[in-house]
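See below for the structure under consideration.
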Amino acid sequence: MKSEPSVYSIDDLKKDKKTCWDGIRNYQARNFMMRDMNPGDLAFFYHSNCDVIGIYGVMSIYSKSYADHSAFDKFSKHYDPTSTKEHPRWFMVDVKFERKLQRIITLGSLKEHSQKELLNFRLLAKGNRLSIIPIEEKEWKFILSLGE
DNA sequence: GCCAACGTTGGC
DNA sequence: GCCAACGTTGGC
């Protein structure tokens with residue numbers, strides 16, 4: 001799960017302990033949260049659009065998806081008048097801080113394995129812009145081994 | 001700041 | 001349903 005650290009960083013999550021992953025306005029990313037995420041699942045926290053791009057830590061999902069209330073808020077950057085409380089368009093999950101990785105796994109170091117262990121990892125696919133990406137268990141374990 | 005890649009919108 | 005125009009993402 002990606003976030004721009006200038007907006008919300010791994011250290012923000014560490015401080016908050018928990019947060020709701022609001023503001024997702026892409027159907028594929030939303031569908032991953034709605035269909036595939038369950039309490040107890042783990043996720044990597046990825047910093048995008050910053051000096052050192054990469055995976056910084058691990059968090060866990062601790063709620064099923066539910067309506068993203070920032071879509072109802074006229075003063076929110078993520079306000080969407082087409083999403084109503086009766087028929088919400090956008091959803092989010094709650095996440096909990098687990099830990100920071102001992103070493104940041106930079107995008108560059110992930111790319112070093114794009115021809116082998118991470119051949120099908122969607123983060124590395126050409127043109128990928130999805131802010132929430134599914135990951136295979138094998139990929140997860142391999143990436144963790146790079147960071148700890 | 002640039003720009004490739006992508007998603008969405010809306011006219012037809 | 002098609003597709004041009006536009007807006008956004010995100011690495012560099």
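Chain letters run A, B, ... following the sequence lines, proteins first, then strands; residues in each count from 1.
- Inter-residue side-chain proximity for A:C50 and A:E4 is flagged as unmet; no heavy-atom pair is nearer than 4.5 Å.
- Atom CG in A:D51 sits roughly 15 Å away from atom C1' in B:dG1 (whole-Å rounding).
- Taking the side chain to side chain donor-acceptor pair (under 3.5 Å) definition, one finds that A:R122 meets it with A:Q28, sequence neighbours left out.
- Considering A:F32, A:F45, A:F91 in turn, A:F45 is the only one that fulfils the ring-ring contact (aromatic ring centres under 6.0 Å, His included) rule with A:W21.
- When A:N38, A:D36, A:V93 are each tested for a side chain to side chain contact (heavy atoms under 4.5 Å, CB included) with A:S65, only one passes: A:V93.
- Atom CG in A:N26 sits roughly 14 Å away from atom P in C:dT8 (whole-Å rounding).
- Sorted by first and then second residue, the salt bridge (Lys or Arg N to Asp or Glu O under 4.0 Å) pairs involving residues 130-148 of chain A (not counting sequence neighbours) are A:R99-A:E148, A:E137-A:K141.
- Rounded to an integer number of Å, the gap from A:L124 CG to B:dA5 P is 16 Å.
- A distance below 6.0 Å separates the ring centres of A:Y27 and A:W90.
- Per the geometry, OH belonging to A:Y27 stands 15 Å off C1' belonging to B:dC6, to the nearest Å.
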Look for any protein N or O under 3.5 Å of an N or O in nucleotides 10-12 of chain C and output each such pair with its distance, or none.
residue : atom : partner : partner atom : Å
C:dG10  : OP1  : A:K2    : NZ           : 3.1
C:dG10  : OP1  : A:R129  : O            : 2.6
C:dG11  : OP1  : A:Y46   : OH           : 2.7
C:dG11  : OP2  : A:N49   : N            : 3.1
C:dC12  : OP1  : A:K111  : NZ           : 2.4

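- Along DNA chain B, the nucleotide closest to A:K126 and the one closest to A:R89 are compared, and the more 5′ of them pairs with A:K126.
- At whole-Å resolution of the value, CG in A:D80 and C1' in C:dG7 are 15 Å apart.
- The distance between atom NZ of A:K77 and atom C1' of C:dT8, rounded to the nearest whole Å, is 10 Å.
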